[in-house]
Structure formats: structure tokens, C-alpha cells
Amino acid sequence: MLSILIPTYNHDITDLATGLQKQAAASGIDFEIVVMEDGSTREVEKNNAITTMANCRHIVLENNVGRSAIRNKLADLARFNHLLFIDCDAEINSANYITKYLAFCHKNNIVVGGTAYDPLEQNPQYSLRLTYGRKREARSAIERSKLLKDQNFATFNFLISKEIFNQVRFDESIRGYGHEDTLFGHQLRASGYQIIHIDNPLIHKGLDNNTDFIRKTEEGTRNLYLLYKTGNYPYLANESKLLKTFTRLQKTGLTRLLAFKYDLIRKALVQCLSTQHPSLLLYDTYKLLFLCKTSLQK
């Protein structure tokens, strides 16, 4: 009935897998949990302990194949007709987590459960990631449904039938960091599938400190621009607010000036974004200026 699929990289998933196994077993359904290491060099031996639990598999890939390919591989190995994808840095937030998804396992569906953040986490080292997550990601099902056309599809916690997955699949040509889920979500909508949003979140525990989150933001923004420049994804300019604003600026001829401004104020922006209460408006400005700078680089 249900294949629970967890791609992981250098992360301890034993607590997550144990909690999922207990809930699935208690529900009385046919299930499996498959953990796949994407070229991990740490925690592999510890994660292998899940093989002592019923219906759990641990698969180790020697080489890193990337965020898209590993999800496709997990789907190909899945034994059951419904696939529950969970990121490795998730934490179960409800005793009814598995049960809530079972109601959607009787026909072909795509269901997004959502993301939550620990309300007790206040470490200022994670202030930017927490602010972004709490204001942009931790939304109710109703809010996510209204924002569907403007919000990127998130692979953190979602259920999909194997039949639908095999018609779309993740684009393995994407090798850089970020936006494989953006393209996957677009393909689902373009194929006419409805995405159901429910309130069944997992807590996102794998927080990046401010320096790492800014670095990943730059990597994701650069990858978004490179995908756009290939010409293979023309819809990105309409679906990404960042790209939409950038293309408008290009028409005004201001990108070179803004790229120069980025060089002048980058250090000050990073300092402001690393404060205890960073501004998301400033964060969006940073991404736009960085995109202008990226567009001028060969």
C-alpha cells in the first residue's frame, strides 16, 4: 500500500525512521521504509541499524547522483502504489501523521502535508533560515492552496501515487542546487493534476546557519538563472517572482547598475541579514541584486 521513501546525505535518520515504522506498523497497512544514501560519508553505519526493524531497507549509493536522480531511483525501487517522500532532516510532529495520509491512498492523488518549525528554536545563528521558514514555508493547507500558482512545489513532505509519479518524474538533467522541485511541480500542474494540501506537517530540523543559508540562496539563484538561460524552461520567467522582476529590469537596462550596487553593499546586506530579526524584504532584494550580478558573468 505505502512506500515511505527517504533520500539522505550525511544525516542520522534513525529517530525519523523508527517513528515512521511504529506508526505504519500500528496502522496495520502493508508498508515499507526505504532509506537511500546519496554518496554519504557520515552516519551510514548508524543508519544501517534500521534494517533490524520490520519492512525497512537501507541502500547505499557510493556516488552522489543528485536530488532529482535519487528520488527517481527510490520510486523505481518502491514496492507499493503510493509513495510518501520525506526529507531526511524532518521530525514527526503528530501521532497521526501516517494515518492522515492513508485516507488518500485509495486512488491516484498528490498530497502535500506541509512544513513546520520548532517554536522553541530561537538560536540567532539560524535567524534568517527560521524567519524565512516560518513566514514563507510554514503555512496552513488553506494558505498553501490559495498560493499554489505562486508557490514552488516542495518535496519536503508529500504523497504521490506511483502511476502519476512515473508520468512526470524529476528532471535528472538538473545537477546544481535547487529548483528540481520547482520543475516537478510545474510538470504536475501542466499535466492537469490537482495538488491537494492538508495540515499534516513535519518539523524541519536541518537548519542552516546564516552564512550557509545565504550561500545556498546564491547557489539556488544561480541555478535558477542557468535553467532559465537554457531556454528549455520558458515558463520559469512567469512562475518565479524573482525571474519575473529580473526580466522587467533587463528591459530597462538597469541590471548592470544593480550588479555594481551589489558589489558595493553586499557586505552590509549580509550583516543585516545575519541579525536576530532579519528582513525578508531585504532578503528578496539581496537575491535580485545577486541575480543581476550573475547575469553579467560568463
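Across all their heavy atoms, Cys56 and Gln21 have their closest contact at SG-CG, 3.8 Å. Nearest heavy atoms, Tyr228 versus Leu243: CB-CD1, 3.9 Å. Contact between Cys88 and His11 at its shortest, heavy atoms only, is O-CD2, 3.2 Å. Smallest separation of non-hydrogen atoms from Leu242 and Leu224: CD2-CD2, 4.2 Å. When all heavy atoms of Ile214 and Leu273 are compared, the pair lying nearest together is CD1-CB, 4.3 Å. Here the shortest heavy-atom pairing between Phe156 and Gly114 reads CD2-O, 4.1 Å.
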**Prompt:** Going through the distances and angles, do Lys107 and Glu163 end up as a salt bridge (charged side-chain N to carboxylate O under 4.0 Å, His left out)?
**Reply:** CA-CA 10 Å; Lys107 58 181 180 180; Glu163 180 178 330; over 6 Å; no
Mind running side-chain contact (heavy atoms from CB on, under 4.5 Å) on Asn55 and Ile33 for me, showing each step along the way? CA-CA 6 Å; Asn55 305 322; Ile33 297 175; over 6 Å; no
Notebook entry, point to check: Please walk me through it: do Arg129 and Lys216 pass side-chain contact (heavy atoms from CB on, under 4.5 Å)?
Noted result: CA-CA 11 Å; Arg129 185 66 186 91; Lys216 285 187 175 181; over 6 Å; no
task = Could you walk me through whether Ile195 and Phe158 pass the side-chain contact (heavy atoms from CB on, under 4.5 Å) test, one step at a time?
result = CA-CA 10 Å; Ile195 300 173; Phe158 79 102; over 6 Å; no
Practice problem: Test Met36 against Leu61 for side-chain contact (heavy atoms from CB on, under 4.5 Å), laying out the working first. | Solution: CA-CA 7 Å; Met36 184 175 286; Leu61 302 182; 3.7 Å; yes
- Query: Arg215 and Glu219: salt bridge (charged side-chain N to carboxylate O under 4.0 Å, His left out), yes or no, with the steps?
  - Reply: CA-CA 6 Å; Arg215 175 180 56 79; Glu219 290 177 8; 2.9 Å; yes
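Of the possible polar contacts, one joining the Ser127 side chain to the Pro124 backbone as a donor-acceptor pair under 3.5 Å is found. Put simply, the side chain of Thr255 never gets that close to the backbone of Cys292: no donor and acceptor are under 3.5 Å apart. Although no hydrogens or angles enter the test, the distance criterion places no donor-acceptor pair under 3.5 Å between the side chain of Asp89 and the main chain of His204. In terms of modelled atom types and a separation under 3.5 Å, the side chain of Ser240 and the main chain of Ala237 share no donor-acceptor contact. The backbone N or O of Lys100 sits nowhere less than 3.5 Å from a side-chain atom of Asn200 that would complete a donor-acceptor pair. Side-chain atoms of Lys162 come within 3.5 Å of backbone N or O of Ala78 as a donor-acceptor pair. A donor-acceptor contact shorter than 3.5 Å links the side chain of His179 to the backbone of Gly220. Counting only distance, with no hydrogens or angles, the side chain of Asn209 and the backbone of Asp212 share a donor-acceptor pair below 3.5 Å. With Glu37 contributing its side chain and Val44 its backbone, the two residues share no donor-acceptor pair below 3.5 Å. Judged purely by atom type and a 3.5 angstrom limit, Asn10 has no side-chain atom pairing as donor or acceptor with the backbone of Ser40.
Cluster annotation: Ile203 and Tyr132 are assigned to distinct hydrophobic clusters (Ile/Leu/Val/Met/Phe/Trp/Tyr, side-chain heavy-atom contacts under 4.5 Å, transitive). No single ILVMFWY cluster, assembled from side-chain heavy atoms under 4.5 Å apart, contains both Val270 and Tyr126. Note on Leu254: it clusters hydrophobically with Phe246, by side-chain heavy-atom contacts below 4.5 Å among ILVMFWY residues. Hydrophobic clustering of Ile, Leu, Val, Met, Phe, Trp and Tyr side chains at less than 4.5 Å, counting indirect connections, unites Ile86 with Ile196.
Judged purely by distance below 3.5 Å, without hydrogens or angles, the side chains of Gln187 and Tyr193 never pair a donor atom with an acceptor atom. In the model, Glu32 has a side-chain atom that pairs as donor or acceptor with a side-chain atom of Ser3 under 3.5 Å.
The environment of Phe260 atom CZ is sparse: at most 12 non-hydrogen atoms of other residues, nucleotides or ligands sit within 6.0 angstrom. At most 12 non-hydrogen atoms from other residues, nucleotides or ligands lie less than 6.0 angstrom from CG of Asn63. Other residues, nucleotides and ligands contribute only 12 or fewer heavy atoms inside 6.0 Å of the CZ atom of Arg42. For Leu264, the CG atom is densely surrounded, since the number of other residues' heavy atoms within 6.0 Å is greater than 12.
In this structure, the separation between NZ on Lys22 and CG on Leu20 is 11.5 Å, given to the nearest 0.5 Å. In this structure, CG on Leu188 lies 9.5 Å from CZ on Phe165, to the nearest 0.5 angstrom. Of the inter-residue distances, the one linking Leu130 atom CG with Asn210 atom CG reads 9.0 Å to the nearest 0.5 angstrom. The CZ atom of Arg169 sits 13.0 Å away from atom CZ of Arg71, with the distance rounded to the nearest 0.5 Å. Here the OG1-NZ distance, from Thr294 to Lys287, works out to 12.5 Å after rounding to the nearest 0.5 Å. Separating the CD1 atom in Ile13 from the NE2 atom in His58 is a distance of 6.0 Å, to the nearest 0.5 Å.
The shortest distance between side-chain heavy atoms of His82 and Leu2 falls below 4.5 Å. Looking at Tyr283 and Thr217, their side chains come closer than 4.5 Å, going by heavy atoms from C-beta outward. The shortest distance between side-chain heavy atoms of Glu137 and Tyr117 falls below 4.5 Å. Counting only heavy atoms from C-beta outward, the side chains of Leu249 and Leu288 approach each other to under 4.5 Å. In this structure, Asn47 and Asp12 have side chains that are in contact, with non-hydrogen atoms separated by less than 4.5 Å. For the pair Asp284/Thr245, no side-chain contact is recorded, criterion being any heavy-atom separation below 4.5 Å from C-beta on. No side-chain heavy atom of Lys205 sits under 4.5 Å from any side-chain heavy atom of Asp87. Counting heavy atoms from C-beta outward, Leu207 and Asn123 have side chains that stay 4.5 Å or more apart.
Tyr97 and Tyr101 have perpendicular rings, their planes meeting at more than 60° on a 0 to 90° scale where under 30° would count as parallel.
Under the side chain to side chain contact (heavy atoms under 4.5 Å, CB included) test applied with Val34, the options Ile50, Leu74, Ile4, Leu83 reduce to a single match, Leu74.
Aromatic ring centres of Phe85 and Phe184: separated by at least 6.0 Å.
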